[in-house]
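Accompanying notes for the structure given below.
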Protein chains: 2
Amino acid sequence: MPSRRDTIADDLRDRIATGRLNPGDRLPSEAHLAAQYMVSTPTLRNALAVLQAEGLVEKVHGKGNFVRRPVRRITYLGGARTPDTPVVDLAPLSVTARTTKVRARGHLAALLKMPTGSPLTEILCLGHEGERPHSLARIYVPCDLAPAACESLPYEAVVTRLMELRPPLAEVREEISVRLPTSEEASTLRISSALAVLAITRQAADTAGRVVEAALLVLPGDRADAVFTTHHMLDERPAEA
Amino acid sequence: MPSRRDTIADDLRDRIATGRLNPGDRLPSEAHLAAQYMVSTPTLRNALAVLQAEGLVEKVHGKGNFVRRPVRRITYLGGARTPDTPVVDLAPLSVTARTTKVRARGHLAALLKMPTGSPLTEILCLGHEGERPHSLARIYVPCDLAPAACESLPYEAVVTRLMELRPPLAEVREEISVRLPTSEEASTLRISSALAVLAITRQAADTAGRVVEAALLVLPGDRADAVFTTHHMLDERPAEA
DNA sequence: GAGTGGTCTAGACCACGAG
DNA sequence: TCGTGGTCTAGACCACTCA
């Protein structure tokens, strides 16, 4: 027996799929919809929450519920990439970076295989697409591998300098998990705190086994994919794209 | 201003973290807790939903809310793995498989690069840890690469036969996304339909570029990680673990 | 049958956005 | 100021589990 919430969500989803509701359209108010479907407002809101989690509907406080424009999905390219590929594929997007010095503690120290309290450079990156933030990255590198006085450099310059300072990488480990955003992440990314995010922990080591970078990436779950392509090493080694 | 829901969730989370509530413990009933915190039952249930999404609390209909035993997280090993590594690391776990013949359609046909209607063998795998299901995999292979009459074979035998029939792989592409489970997936995995899952689409091709396997994996977001390790190809090629 | 969670109701009050 | 969504209330009724 499908719940009323799901019945309503299915109906609205169908309305969007068949073009009766178009991207950018404002939905009738929640009170209106509740009356149409003859349910209480909490029930209707639950139905909208389903669609919101699917990325079909966007709620804007004080304005209404809107059919989301089909956003290009963010693609995180993991693994087999050339060393100068940016951490997230931000091709036509803008990234703002802020660099600060912090000290390793807890999980972060373990990730970098450095003792607690070790000085680190944190590069906080926020990817934008138009007005809207859409990816958050915290990159940590040992201070000796960080560009000096780079607080004011633009993102591209920081990345370029990082690559120059860094020894060649031997191994990259990426761990992907799903979780709810912290409230800070939710407000930074302007997503609902109920929308799960893709959390990627990236650890890059040089040939000596030294961890030269740890990165914590947060991508909104409704529009992020992570893609890994592995070329198996056979007799012939395929060229990497 | 933190909401009451978050205040309550924070308090319960703290009770768990500090050991005042221990794994396996049953929480007081929702009505009881609502009275303690002086909130209505929906508000209290929202607070529990937060903890449930974090994997700290498990709701069991008709029995109560329980502090979750720290479950071993499921680790999906992607990318750089030897060909005979199972799709999901199910080491001490049991897997049941069911094999049926289906026809490629829509997304699946595109994934396999086969025309719509092509015959496929579907291997439906359900990973168990004890009584509890914890991973769902749908593996599709062209019929000529599927073991004949394998409907009744155990999982391990099916996988072994698959590997024997399959040409060496050249490229594996894995796409990871976050979404809510379908109602079928939620009931099969016995998770709440509000708990996001890690959805992994795996596409394996042989040296000729033919797709020899497409797999759709669904892992519960509260206890699943996907790990990718890339050994960069430098002068010396590191041995694969 | 007693107790539990699951769903839903019909409101109330507050916070936000736009005119 | 008005309409919107955000949060919350104090119940009701149903479904499930277990004794």
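By convention in this document, chain letters (A, B, ...) are assigned in the order of the sequence lines, proteins followed by strands, and residues within each chain are numbered from 1. Hydrogens, waters and symmetry mates play no part in the numbers below; they use all other heavy atoms, side chains included.
Under 3.5 Å, the side chains of A:N46 and A:T43 contain no donor-acceptor pair of N or O atoms. Between the side chains of A:N65 and A:E58, not a single donor N or O lies within less than 3.5 Å of an accepting N or O.
In this model, the phosphate group of C:dG5 is not approached by any side-chain N or O of B:R45 to a distance below 4.0 Å at OP1 or OP2. Note on B:N65: every side-chain N or O is 4.0 Å or more away from OP1 and OP2 of C:dT4.
Taking atom NE2 on B:H61 and atom P on C:dG5, their separation rounds to 9 Å, with Å as the unit. Rounded to a whole Å, the NZ atom of B:K59 is 14 Å from the C1' atom of D:dC16.
Listed by residue number, there are no residues of residues 4-17 of chain A with a heavy-atom contact under 4.0 Å to DNA chain D. Heavy-atom distances under 4.0 Å link DNA chain D to A:R26, A:S29, A:E30, A:P42 of residues 23-44 of chain A, given in residue order.
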Let's go through B:E30 and B:K59 carefully: what are the C-alpha distance in whole Å and the side-chain angles of both, what is the deciding distance for salt bridge (Lys or Arg N to Asp or Glu O under 4.0 Å) to 0.1 Å, and is it a yes or a no? CA-CA 11 Å; B:E30 301 190 349; B:K59 320 198 69 157; 3.0 Å; yes
Side chain to side chain donor-acceptor pair (under 3.5 Å) between A:D6 and A:S3, intermediate numbers included: CA-CA 5 Å; A:D6 291 335; A:S3 64; 3.2 Å; yes
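B:F66 is linked by a side chain to side chain contact (heavy atoms under 4.5 Å, CB included) to B:R26, B:V60, B:K63, counting only residues two or more places apart in sequence or in another chain.
Remark: A:R13 engages A:E54 in a salt bridge, criterion side-chain N to carboxylate O under 4.0 Å. Taking the charged nitrogens against the carboxylate oxygens, B:R179 and B:E185 do have a contact shorter than 4.0 Å, which makes a salt bridge.
Here the side chain of B:E174 pairs no donor or acceptor atom with the backbone of B:T201 at under 3.5 angstrom.
Between B:K63 and A:N46, the residue whose closest nucleotide on DNA chain C is further toward the 5' end is B:K63.
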